[in-house]
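One structure is given below, encoded as structure tokens.
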Amino acid sequence: PYGAFIPQAMVRVTPAIQVEVTVGRQAVNFDNQRWVDSANWRQNDQTLDAVRVAIKPVKGVSLDYGYAWRVNRAFGPRSPQGIWRDNDIHLLRGSANAKPIGTITAYGYFFDIPDAPLSSSRTVGLRLVGEQKISGNTKLLYTAEYANQRDFSTNPRTYSLDYLAFEPGVSVGVVTTKIGWEKLEGNGAVALQTPLGALHAFNGWADKFVNTPAAGLRDLYVDVSIKLPAVAGIKGASTRLKWHDFNASRGSINYGREWELCLPCRLSGGLPRA
């Protein structure tokens with residue numbers, strides 16, 4: 001529906017066992033895709049014209065660097081916002097498996113986007129993901145993340161805003177229950193944004209908060225998923241029920257609540273697919 005275009009076209013080389021270099025139009029997904037995502041549940045993926053170097057120097061450690069000059073957004077090339085050109089985007093990420101605690105990830109994302117200067121920002125953060133076996137088929141799950149975002153390059157606004165996320169959970173057999181809290185800070189004039197992130201996977205499937213309100217956002221949620229048995233050789237489907245309570249991070253504004261149900265669905269990077 002948006003006209004013909006090339007979704008991905010790249011050259012990938014491995015000059016050494018621990019090094020992989022990818023050049024060209026490519027899908028890039030980091031961690032839970034909060035900050036960098038390919039929107040791979042849509043008809044058009046979001047791709048980057050970029051150079052990416054991935055290094056695994058030792059077991060359990062990975063380092064990534066990417067430089068992107070063009071963003072091919074999921075809206076398609078005929079949309080006024082379909083392509084961001086002449087960008088200066090740097091993606092830095094390093095992760096290490098710190099047993100028995102979990103995986104610790106540090107990142108720095110620097111977006112200079114002339115076509116959308118209000119989206120130009122620098123974000124630096126830390127993320128921890130882990131699990132601990134309690135007994136039998138019962139596991140304790142946990143995720144914690146902190147980041148700070150500031151104005152960068154062509155952005156005419158001046159700000160420094162924080163991101164916080166906590167998600168403890170329990171997995172018992174096929175049932176996983178999580179209680180999460182996420183804060184995207186706002187100061188009343190500007191709020192933390194995630195222009196290259198997986199917008200649909202966070203803060204409600206109704207997509208009311210793909211742009212964070214100026215007063216910020218606090219999302220308290222409960223997420224229950226049940227893995228379904230394989231049917232006709234199809235594996236990985238589940239039933240998923242979520243509830244959100246949305247509030248501003250500044251002031252006492254309540255944005256409302258949302259219930260979500262997906263039956264059955266497949267999960268791709270946290271994204272529901274019916």
Side-chain angles (χ1 to χ4, degrees), residues 29-42 100-105 125-147 163-184 192 194 197-213 216-249 253-274:
N29 296 291
F30 285 154
D31 301 311
N32 65 341
Q33 303 174 28
R34 190 45 163 136
W35 303 100
V36 180
D37 163 67
S38 65
N40 58 358
W41 66 279
R42 288 178 174 268
I101 299 171
T103 299
I104 299 174
T105 302
L126 281 171
R127 175 178 170 83
L128 168 67
V129 178
E131 63 180 49
Q132 301 293 332
K133 185 175 180 179
I134 299 175
S135 64
N137 61 355
T138 302
K139 293 184 293 186
L140 173 66
L141 314 173
Y142 47 88
T143 299
E145 185 170 352
Y146 167 77
Y163 171 85
L164 283 166
F166 301 98
E167 190 184 73
V170 176
S171 175
V172 182
V174 298
V175 181
T176 299
T177 302
K178 299 178 181 179
I179 300 175
W181 182 84
E182 187 180 40
K183 176 183 176 182
L184 292 81
L192 181 145
T194 60
L199 303 178
H200 183 65
F202 300 89
N203 311 132
W205 297 341
D207 289 347
K208 293 296 184 181
F209 300 104
V210 292
N211 294 309
T212 312
L217 175 66
R218 286 185 288 114
D219 180 8
L220 174 66
Y221 60 91
V222 178
D223 184 354
V224 180
S225 63
I226 303 172
K227 293 180 181 178
L228 301 177
V231 177
I234 299 174
K235 300 179 180 180
S238 66
T239 297
R240 193 172 184 187
L241 176 67
K242 295 188 72 174
W243 171 84
H244 295 266
D245 181 29
F246 300 114
N247 291 273
S249 69
I253 304 172
N254 177 259
Y255 297 131
R257 297 175 177 84
E258 180 175 319
W259 286 93
E260 303 162 353
L261 174 64
C262 184
L263 174 66
C265 58
R266 289 189 298 116
L267 298 183
S268 176
L271 306 177
R273 289 185 169 190

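The shown structure was predicted, so the numbers you read here are calculated from the model rather than taken from an experiment.
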Closest heavy-atom pair and its distance - L184, T212: CD2-OG1, 3.5 Å
Enter the distance from T143:OG1 to L128:CG here, rounded to the nearest 0.5 Å. 7.5 Å
Where do W259 and L241 land on the side chain to side chain contact (heavy atoms under 4.5 Å, CB included) test, with the steps shown first? CA-CA 8 Å; W259 286 93; L241 176 67; 4.1 Å; yes
Does the side chain to side chain contact (heavy atoms under 4.5 Å, CB included) test come out yes or no for N137 and V172, once each step is laid out? CA-CA 6 Å; N137 61 355; V172 182; 4.2 Å; yes
With a 4.5 Å heavy-atom cut-off, do W205 and K242 have their side chains touching? yes
Separation between CD1 of I101 and OH of Y142, rounded to the nearest 0.5 Å: 7.0 Å
Quick one: does W35's side chain get under 4.5 Å of E145's, heavy atoms only? yes
Look up atom CG in L261 and atom OG1 in T239, then write down how far apart they are to the nearest 0.5 Å. 7.5 Å
Pairwise distance CG(L217) to OH(Y163) - rounded to 0.5 angstrom: 10.0 Å
K139: which residues meet the side-chain contact (heavy atoms from CB on, under 4.5 Å) condition with it, sequence neighbours left out? E131, L141, S171
Minimum-distance pair of heavy atoms, taken over all atoms of N203 and F246: O-CZ, 3.4 Å
Can any side-chain N or O of E182 pair as donor or acceptor with the backbone N or O of E167 at less than 3.5 Å? no
CG of D37 to CG of N29: how many Å apart, nearest 0.5 Å? 5.5 Å
D207 to L199 - nearest heavy-atom pair and separation: OD1-O, 4.5 Å
Minimal non-hydrogen separation, L164 against Y146, with atom names: CD2-CD1, 3.6 Å
Counting distance only, does the side-chain N/O of Q33 pair as donor-acceptor with the main-chain N or O of S38 below 3.5 Å? no
Can you find a pair of side-chain heavy atoms, one from V170 and one from T177, that are under 4.5 Å apart? no
Whether S249 side chain and K183 backbone form a donor-acceptor pair below 3.5 Å: no
Which residues satisfy the ring-ring contact (aromatic ring centres under 6.0 Å, His included) test with Y221, sequence neighbours excluded? H244
Least distance between heavy atoms, Y255 atom then G216 atom: OH-O, 3.0 Å
From CG (L263) to CD1 (I226), nearest 0.5 Å: 9.5 Å
Would R127 and R34 count as a side chain to side chain contact (heavy atoms under 4.5 Å, CB included) here? Give the steps. CA-CA 11 Å; R127 175 178 170 83; R34 190 45 163 136; over 6 Å; no
